[in-house]
Amino acid sequence: MFISLEGIDGSGKSTQARLLAEALRATGRDVVLTREPGGAPGAEDIRRLLVEGAPERWSAETEILLFTAARRDHLERTIRPALAAGKIVVTDRFADSTRVYQGATRGDLRGLVDGIHDLAIGVEPDLTLILDMDPEAALSRGLARKSGEDRFEEFGLPFQNALRDGFRALAAQYPGRCHLVDAGRGQETVAADLLTTVTKALA
Ligand code: TYD
């Protein structure tokens, strides 16, 4: 099973992806925890081009190509081999991030995102958990980390609001695959909720 976690910056995705992987491993399952952009050595090299530097460093169109190049490497080197070996893959972000960050925030580029995705990637997760929360609260968490990977956080609050709307629209567009989860609650509550959803999907 291929599971993705999605959400705006600071929504707690990375922590929740780790907790989910740990909880699944505790039930005896073989889990590969991975992330985008990155998740394979070449893709991690591309990641640095994307998350560091000034916000205007790349146009949205160039970003689509770079994120897709990183995703293709991630798919070839990490995701496909793990799924072929019968493992569960939990990825912190996948193609829905490109649909929203590049496809819906700086003009309507969704057609370009979908076209390139169909040609170069062509797969979707079995289950996508979308962590939904107030962008203002999430942004204060995100920037507080000062990771040096703040390029997208620096687009500011209106950008994060557009992202939230974009993720909610995706959840409505793909109700079978996507589950919207209230991430404004305590970490343990959110983790329990995600595990219940995944356990149901696995059964
Ligand atoms: P991520 O490592 O998930 O950052 P965070 O843990 O802070 O949420 O992702 C880095 C940034 O890249 C994040 O701001 C979202 C952005 N991004 C895109 O714009 N498009 C994409 O396709 C992906 C995968 C990420």
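Since the model is a prediction, treat every value here as computed from it, not as a measurement. The figures here come from the full heavy-atom set of this structure, side chains too, leaving out hydrogens, waters and symmetry mates. We count ligands from 1, going down the list as the structure has it; atoms in each ligand are counted the same way.
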(message) Within ligand 1, which atoms have a heavy atom of R47 less than 4.0 Å away?
(response) 2 (O)
(request) Under the ring pair (Phe, Tyr, Trp, His ring centres under 6.0 Å) rule, what do Y101 and F67 come out as? Steps first, then yes or no, please. (result) CA-CA 11 Å; Y101 278 76; F67 277 112; 7.8 Å; no
(message) Under 4.5 Å side-chain heavy-atom separation, chaining through any Ile, Leu, Val, Met, Phe, Trp or Tyr, what else clusters with L194? Say none if it is isolated.
(response) M1, I3, L5, L20, L24, V31, L33, I88, V90, L127, L129, L131, V181, V190, L195, V198, L202
(request) Would you mind running through ligand 1 and noting each atom that sits below 4.0 Å from a heavy atom of Q102? (result) 18 (C), 19 (O), 20 (N), 21 (C), 22 (O)
(message) Tell me the closest heavy-atom pair linking A70 and A43, and the distance in Å.
(response) O-CB, 3.4 Å
(request) Can you sort out which atoms of ligand 1 are near R71, meaning under 4.0 Å from one of its heavy atoms? (result) 22 (O), 24 (C)
(request) Go through ligand 1 atom by atom and flag the ones less than 4.0 Å from a non-hydrogen atom of T98. (result) 21 (C), 22 (O)
(message) I'd like to know if the side chain of Q187 pairs up with that of T15 as donor and acceptor (distance under 3.5 Å, no hydrogens or angles considered).
(response) no
(message) Show the atoms of ligand 1 that are less than 4.0 angstrom away from any heavy atom in D9.
(response) 7 (O), 8 (O), 13 (C), 14 (O)
(request) Within a distance under 4.0 Å of any heavy atom of V51, pick out the atoms of ligand 1 and give their elements. (result) 10 (C), 11 (C)
(message) Applying side-chain hydrogen bond (donor to acceptor under 3.5 Å, both in side chains) as the test, list every pair that has at least one member in residues 189-203; sequence neighbours left out.
(response) R185-D193
(request) Check the side chains of H74 and T34 for a donor-acceptor pair under 3.5 angstrom, ignoring hydrogens and angles. (result) yes
(message) Below 3.5 Å, N or O to N or O, backbone or side chain included: is there any such pair between R35 and ligand 1?
(response) no
(request) Under 4.0 Å from a heavy atom of S14: give me the atoms of ligand 1 that qualify, with their elements. (result) 6 (O)
